[in-house]
There are 2 protein chains.
Amino acid sequence: MTRSTNPNFMNGVPELLILRLLKDREMYGYELVQAIRAVTREAVSLGEGVVYPVLHALEKDGALKSRRKPVNGRTRVYYTVTPAGQKRLGALVNTWTKLNDAVSGALQGGSYAAHTI
Amino acid sequence: MTRSTNPNFMNGVPELLILRLLKDREMYGYELVQAIRAVTREAVSLGEGVVYPVLHALEKDGALKSRRKPVNGRTRVYYTVTPAGQKRLGALVNTWTKLNDAVSGALQGGSYAAHTI
DNA sequence: GTATTATACCTTGAACCAATAGGTAATAAC
DNA sequence: GTTATTACCTATTGGTTCAAGGTATAATAC
């Protein structure tokens, strides 16, 4: 029903944002969690339990590739977008935009459709 | 993975569209299925297996109320939005708009975005 | 006159995905 | 030396869309 942190309409949004952010520069999971909060101005706040599984699924699908990099004794796993990932991002942005336009139109008093039954 | 009919990003959209359409006038389930197709210009096409459960859930929650009306020997179940439903619609539109702005900003802008405080 | 389509309602099962709540381990701060 | 922060991870739950069924009447086609 009502989500405590994020509202509905979140289907596919984590994947979309992650791909979009990684398109600009390589990042690691923990960094992505905060970057998403920052870039959406707290409108979207994803837990690590959301981000990591998405990263692993995207890598398994060949949309991302990773490299391990030790920093200050800790190990970070940096992700970058593959060509397949870029393509996937493009498709996601496309469908997201289309759906958005459709719903926006429907919300704003949509009576451009004259349907009678 | 890939949906055959509708893409991702559909979470909560059926409920939003149904409430929005019923706000203007009472409709019945089968009519809503076609109205949604029409108002979104085929961008969203919901099956009856999606619409009916949402209608029942919304009525159970007190957001809709129904009346049975015989038309041409068949029985139609017409739904209207209750005050609680109007409130729910308002909240949904609000969160949908906010999320939209956030994701749009993230998609277009690089690191940060237009309006600071 | 019967076969097919359209109308109109419904439920069940599977699949997907975000969210919560855990768990491990190292460094930094106090 | 206890807590907070960094940084990784998994398992389970719950909610929701979707496909694929099922029932029944009215209109149309052949």
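The chains referred to below are lettered A, B, ... by the order of the sequence lines, with proteins before strands, and numbering in each begins at 1. Everything quoted here is computed from the prediction, not taken from an experiment.
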Anything under 3.5 Å between a donor and an acceptor, one on a side chain of residues 48-59 of chain B, the other on a protein residue two or more places apart or in another chain? List them.
from, atom 1, to, atom 2, distance (Å)
B/Tyr52, OH, B/Tyr30, N, 3.4
B/His56, ND1, B/Tyr52, O, 3.3
B/Glu59, OE2, B/Ser66, N, 3.4
B/Glu59, OE2, B/Ser66, OG, 2.7

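- Going from atom CG of A/Asn8 over to atom P of C/dC17 covers 16 Å, rounded to whole Å.
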#### Entry: Base versus backbone protein contacts along nucleotides 3-10 of chain D [heavy-atom cut-off under 4.0 Å; B, S, -]
---BBBBB

### Task
For salt bridge (charged side-chain N to carboxylate O under 4.0 Å, His left out), just list the numbers for B/Glu15 and B/Arg20, CA-CA rounded to whole Å, side-chain angles, deciding distance to a tenth of an Å, and then say yes or no.
CA-CA 8 Å; B/Glu15 177 181 335; B/Arg20 178 58 187 84; over 6 Å; no

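- Distance, B/Leu46 CG to D/dT16 P: 14 Å, rounded to whole Å.
- The CZ-C1' distance, from A/Phe9 to C/dC16, rounds to 18 Å in whole Å.
- When each of A/Gly73 and A/Val54 is assigned the nucleotide of DNA chain C bearing its nearest heavy atom, the one mapping closer to the 5' terminus is A/Val54.
- Rounded to an integer number of Å, the gap from B/Glu26 CD to C/dA8 P is 14 Å.
- The shortest distance between side-chain heavy atoms of B/Met10 and A/Asn11 does not fall below 4.5 Å.
- Across the protein-nucleic acid pair, A/Leu16 atom CG and C/dA18 atom C1' stand 15 Å apart, rounded to whole Å.
- Using a cutoff of 4.0 Å between basic side-chain nitrogens and carboxylate oxygens, A/Glu42 and B/Lys98 are not scored as salt-bridged.
- Note: CD1 (A/Ile36) to C1' (C/dA19) measures 14 Å, nearest angstrom.
- Looking at A/Val44 and A/Val39, their side chains never come closer than 4.5 Å, going by heavy atoms from C-beta outward.
- In this structure, the CG atom of B/Leu17 is 15 Å from the C1' atom of D/dT16, given to the nearest Å.
- The interatomic distance linking A/Asn11 (CG) with C/dA19 (P) rounds to 10 Å, in whole Å.
- Residues B/Arg37 and B/Val33 are in side-chain contact: their nearest non-hydrogen atoms beyond the backbone lie under 4.5 Å apart.
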